[in-house]
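Working notes, structure below.
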Amino acid sequence: MLSVRQCSRLAGTFLVVTAAACGDSHQPGPDPGPGRILFTRLGNSLQDIYAMDLRGTKLQRMTTSFAFEDWAAWSPDTFKIAFMSDRIPDTTYTARFQIYVMNSDGSNLSQLTFPDPARDGNGHVVDTTSNFHPSWSPDGTKIVFGSTRDTSAEIFVMDPNGLNVVRLTTNSAADAQPVWSPDGSKIAFATDRDGNAEIYGMNPDGTNQVDLTSNLGTDLTPAWSPDGAKIAFQSDRSGGFAVWIMNADGSNPVALTAGNPPAGAPTWSPDGTRIAYEQDGDIWVMNADGSNKIRITSGFWLDGLPRWRPIL
């Protein structure tokens, strides 16, 4: 089963990923330019979703529970944020991930996925499945996500209110980290069906599943460029985890970071000129060709999994 763990940040059985390491030799660079990101911050035994302008201003804590909250995803109009959380309504529930949505200011929280409420003889809910890794369709009418509701981790799609759930993949291996192409014609996702983690592409109805990376390394966290021509991802094919880009058909893979320290979880700026990513427990930004790397967070906490707001 796929799992990546570096340093002490995240670990899981369905492709929860971190590239956080321990320590850094670089100094913050010049102005990273405009934009706003969501990211996950771990510190003081808390893990929450934050939002921040790239220049370090308007830092906002978006979630305030004591649960593990992660994998934030902007809606295309930027009014909503979907995310995964293992918060539970009461102690009779086993803590498992479910998908939630909130307004972009953190208000009006609602839960989209739920465990089966059946209980055992002691009154405890017996369902231990999880729902995770939400991503919006470009028109905002669907959310694609991963789930273990049918035993193995598979890709599903649902309406933004949690209804009309449809299964897209059927495989005994783990499928997760789905993300829609900008034109809505494809979904990229990570899977270990070939014995190692690869990035696949498929049609939105689950047909025509194709291996895009086809490499012996571990390839994860696909992210489409705004024009749909490129996919950024993280891979350890050359040693440590690094940020790579490839053409949308999987051709011409190119490393943008060195792999030491490890880096990953890339996300594109809306104009396609920059990529934000996590490295050494901080958020960094670079040009889309890998030049002009700038650290935009620092401190004792671990920051990761940035998600660029779709509108600058």
Side-chain angles (χ1 to χ4, degrees), residues 1-22 71 132-133 135 144 146 148 151-155 168-181 186-203 206-225 228-268 275 277-280 284 286 288-290 293 304-305:
M1 186 68 72
L2 265 167
S3 177
V4 175
R5 182 171 184 149
Q6 292 139 2
C7 191
S8 61
R9 186 166 172 265
L10 309 180
T13 57
F14 42 77
L15 298 161
V16 173
V17 179
T18 181
C22 303
W71 217 269
F132 43 88
H133 300 166
S135 175
V144 66
T148 58
T151 304
S152 61
E154 304 289 353
I155 306 300
L168 300 183
T169 63
T170 304
N171 194 284
S172 59
D175 299 333
Q177 300 181 351
V179 59
W180 238 294
S181 65
K186 296 290 182 181
I187 293 172
F189 63 99
T191 178
D192 64 0
R193 64 183 62 185
D194 298 314
N196 63 297
E198 302 279 7
I199 293 172
Y200 269 59
M202 65 178 172
N203 295 335
T207 60
N208 193 29
Q209 297 179 24
V210 177
D211 187 356
L212 299 178
T213 48
S214 190
N215 187 275
L216 294 178
T218 299
D219 301 320
L220 297 165
T221 63
W224 294 88
S225 62
K230 303 280 187 180
I231 295 175
F233 61 103
Q234 75 178 58
S235 178
D236 67 352
R237 61 182 63 191
S238 294
F241 276 103
V243 176
W244 290 67
I245 60 170
M246 62 182 174
N247 294 335
D249 63 1
S251 63
N252 195 32
V254 176
L256 300 185
T257 64
N260 184 24
T267 179
W268 294 79
I275 293 173
Y277 59 103
E278 61 175 54
Q279 178 177 293
D280 256 10
W284 289 67
M286 62 183 166
D289 63 0
K293 295 178 174 65
L305 291 169

[Y] side chain reached by [X] side chain, heavy atoms, under 4.5 Å:
{"X": "Arg193", "Y": "Tyr200", "answer": "yes"}
{"X": "Thr148", "Y": "Phe132", "answer": "yes"}
{"X": "Lys186", "Y": "Asn203", "answer": "yes"}
{"X": "Val144", "Y": "Phe189", "answer": "no"}
{"X": "Val243", "Y": "Gln279", "answer": "no"}
{"X": "Lys230", "Y": "Asn247", "answer": "yes"}
{"X": "Thr218", "Y": "Phe241", "answer": "yes"}
{"X": "Glu154", "Y": "Asn171", "answer": "yes"}

side-chain contact (heavy atoms from CB on, under 4.5 Å) assessment of Ile275 paired with Ile245: CA-CA 10 Å; Ile275 293 173; Ile245 60 170; 4.0 Å; yes

Atom OG1 of Thr191 and atom CG of Asp219: how far apart are they, to the nearest 0.5 Å?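 Between atom OG1 of Thr191 and atom CG of Asp219 there are 11.5 Å.
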
Ignoring hydrogens and angles, tell me if any N or O in the side chain of [X] forms a donor-acceptor pair with the backbone of [Y] under 3.5 Å.
{"X": "Glu198", "Y": "Ser214", "result": "yes"}
{"X": "Gln234", "Y": "Pro266", "result": "no"}
{"X": "Asp192", "Y": "Ala174", "result": "yes"}
{"X": "Thr213", "Y": "Ile199", "result": "yes"}
{"X": "Gln177", "Y": "Thr221", "result": "yes"}

Which heavy-atom pair separates Trp268 from Ala288 by the least distance, and what is that distance? CZ3-CB, 3.9 Å

